[in-house]
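Everything below concerns the one structure shown next.
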Amino acid sequence: MERFRITGEPLDERAVGSGLATFEDGAVVVFSGVARGRNRGRQVLHLEYEAYEAMALPVLRGIAAEVRERFGVERLRIHHRVGRVGIGEPSVVVAAAAPHRRSAFEAAQHAMNEIKRIVPIWKREFFEDGEVWVEGPKEPVTG
Amino acid sequence: MERFRITGEPLDERAVGSGLATFEDGAVVVFSGVARGRNRGRQVLHLEYEAYEAMALPVLRGIAAEVRERFGVERLRIHHRVGRVGIGEPSVVVAAAAPHRRSAFEAAQHAMNEIKRIVPIWKREFFEDGEVWVEGPKEPVTG
Amino acid sequence: MTELARSRGTPLVSVLLFAAAREAAGRGRIEIGYRPGLTAAAVWERLIGEHPELEPFAASISVAVNHRFVPRDTLLDPGDELAFLPPVSGG
Amino acid sequence: MTELARSRGTPLVSVLLFAAAREAAGRGRIEIGYRPGLTAAAVWERLIGEHPELEPFAASISVAVNHRFVPRDTLLDPGDELAFLPPVSGG
């Protein structure tokens, strides 16, 4: 199982956390980001993700390095889907394993926050009557 | 899939979160508590859990009611195993689904904290040379 | 005391012990006779009298009546299920 | 400008645009000629000159050189991969 993956294929939520825990781990947290059928009151038909893949992978590795440094969590996997994602399907799955639950939760949550903030991936929502690129935090990232 | 379950059978981690998200949910968090092979420097051979089941189930329902009130999260499942649990096997699985990730994380984490604090279940660790009942917070719960 | 209580047709209170407390006392369920004014604390004192091995649990034990946590001075009713719970360690 | 740069054998900088910015400009990849002192900001100004549709992105665009976020005043080297990234929305 690759630690970091950007893929056009459906994500196997179940597999991402599987086998991640070692002998000394007592906690596994698996987060799935799922395509919602409704956003800001509008019905969404499907999503489409575009990635700057050559950059997304090293950014994910950087997030993992930071998670290790801040929370001591070494077992982290991040899989992100690109292309068309149907409603109810996962677009991202993050799995973290650690000896205790607090750091596993922190690791998964921090990784997700960072994914939303800096990983060069963009989401487009498709509606009955059009489509829109979703924009995240407007503050430019400067390194 | 039952929302709350105390069972002597192996937990299916994968199934607990499955189908939990509704059309409006964008986040699913699945926490698994796994039997660790090492605790406070000692090698653990296996665990055994005992539950006061008639009380554990209503306490779990109470936790879910509190999670709903505090975090607005209605989709929560908690499955806990009893009896012998082998190293690497999950003893508890908590799944939470919500429109946004923050409340899904908070719901799962708060539910786990409360499980550790008030659900009448006890763990016994078995070592090469003996066994010990693990004791949680020493502060009595008074309702 | 179980037999004594039963033989008189006295209303009963069921007392449950779990985990380390159950093992310390050597029993997990005791029926005791109800009398007006009986509190959980009084039952606990009586238990310690019969099972001094429970003494170390005194400071940390939680009390539940009919599956709810209650204060120790809770008054009991006939037919109540009273449980003494060592610090829980599930999860 | 791509052909112009190539025809002279000038060292190049690859410029990438993504998502809404890519669509606004109508192109995702542009090769531009390198010259000493060229900064990411200067390339951006030039892009806006050619594609005024990019103007609304000016305040929120992030800059990456060779897959790392950098400040806008970063000096470029020949062969660099320069990317202008609208606010990300993955996850």
Side-chain angles (χ1 to χ4, degrees), chain B residues 4 6 11 31-36 39 47-63 78-83 85 90-94 108-125 131-143, chain C residues 12-32 38-45 47-48 51 53-77 79-91:
Chain B
F4 310 107
I6 310 282
L11 298 179
F31 173 87
S32 304
V34 178
R36 284 192 292 154
N39 196 12
L47 303 179
E48 231 177 73
Y49 285 88
E50 172 177 332
Y52 178 13
E53 194 172 328
M55 178 170 173
L57 286 170
V59 171
L60 290 178
R61 282 194 286 272
I63 290 171
I78 304 173
H79 290 202
H80 203 299
R81 190 167 168 193
V82 289
V85 178
S91 53
V92 62
V93 180
V94 172
Q109 197 162 12
H110 184 73
M112 271 311 302
N113 290 345
E114 287 298 280
I115 288 166
K116 293 267 185 187
R117 193 175 73 85
I118 61 169
V119 178
I121 297 180
W122 297 268
K123 171 165 68 178
R124 186 151 44 164
E125 292 175 334
E131 58 199 66
V132 63
W133 283 102
V134 179
E135 293 202 336
K138 300 284 189 191
E139 185 72 18
V141 184
T142 53
Chain C
L12 298 175
V13 167
S14 299
V15 182
L16 305 183
L17 293 170
F18 290 90
R22 174 177 52 70
E23 292 197 338
R27 53 207 298 201
R29 185 182 187 100
I30 307 163
E31 309 287 332
I32 66 166
L38 187 65
T39 64
V43 174
W44 176 253
E45 288 309 318
L47 275 180
I48 287 191
H51 303 285
E53 307 81 4
L54 290 174
E55 180 68 51
F57 293 93
S60 62
I61 208 91
S62 296
V63 181
V65 171
N66 301 332
H67 314 140
R68 290 177 178 274
F69 289 105
V70 296
R72 292 181 183 207
D73 59 2
T74 297
L75 282 167
L76 301 172
D77 285 320
D80 274 353
E81 182 170 298
L82 169 64
F84 292 107
L85 313 174
V88 303
S89 52

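In this structure, no portion of C:F84 lies under 4.5 Å from any heavy atom of chain B. The contact between B:R117 and chain C is made entirely by backbone atoms, counting heavy-atom distances below 4.5 Å. Residue contact with chain C, scored on non-hydrogen atoms closer than 4.5 Å, involves the backbone and the side chain of B:E135 alike. In this structure, the portion of B:P58 lying under 4.5 Å from any heavy atom of chain C is its side chain and not its backbone. The contact between B:Y52 and chain C is made by backbone and side chain atoms together, counting heavy-atom distances below 4.5 Å. At a 4.5 Å heavy-atom cutoff, the contact between B:V141 and chain C is made by backbone and side-chain atoms alike. With a 4.5 angstrom heavy-atom cutoff, C:L85 touches chain B via backbone and side-chain atoms both. Residue B:A51 touches chain C through its backbone alone, counting heavy-atom pairs closer than 4.5 Å. Both the backbone and the side chain of B:I118 have a heavy atom closer than 4.5 Å to some heavy atom of chain C. With a threshold of 4.5 angstrom between heavy atoms, B:W122 approaches chain C through its backbone and through its side chain.
Between the side chain of C:S62 and the main chain of B:P140, no donor-acceptor pair closer than 3.5 Å is present. The main-chain N or O of B:K123 is found under 3.5 Å from a side-chain atom of C:S89 such that the two form a donor-acceptor pair. For B:H79 (side chain) and B:I6 (main-chain N/O), no donor-acceptor pair under 3.5 Å exists by modelled atom type.
Smallest separation of non-hydrogen atoms from C:G90 and B:I115: C-CG2, 4.5 Å. Here the closest heavy-atom approach between residue B:Y49 and residue C:G91 is recorded as OH-O, 2.8 Å. Taking both residues in full, the closest heavy atoms of B:A35 and B:V85 are given as CB-CG1, 4.0 Å, listed atom of the first, atom of the second, then distance.
The only member of B:I78, B:I63, B:V94 that meets side-chain contact (heavy atoms from CB on, under 4.5 Å) when paired with B:M112 is B:V94.
A donor-acceptor contact closer than 3.5 angstrom is absent between the side chains of C:T39 and C:R72.
Ranked by heavy-atom pairs shorter than 4.5 Å toward chain C, the options B:V92, B:L47, B:V82, B:I121 are led by B:I121.
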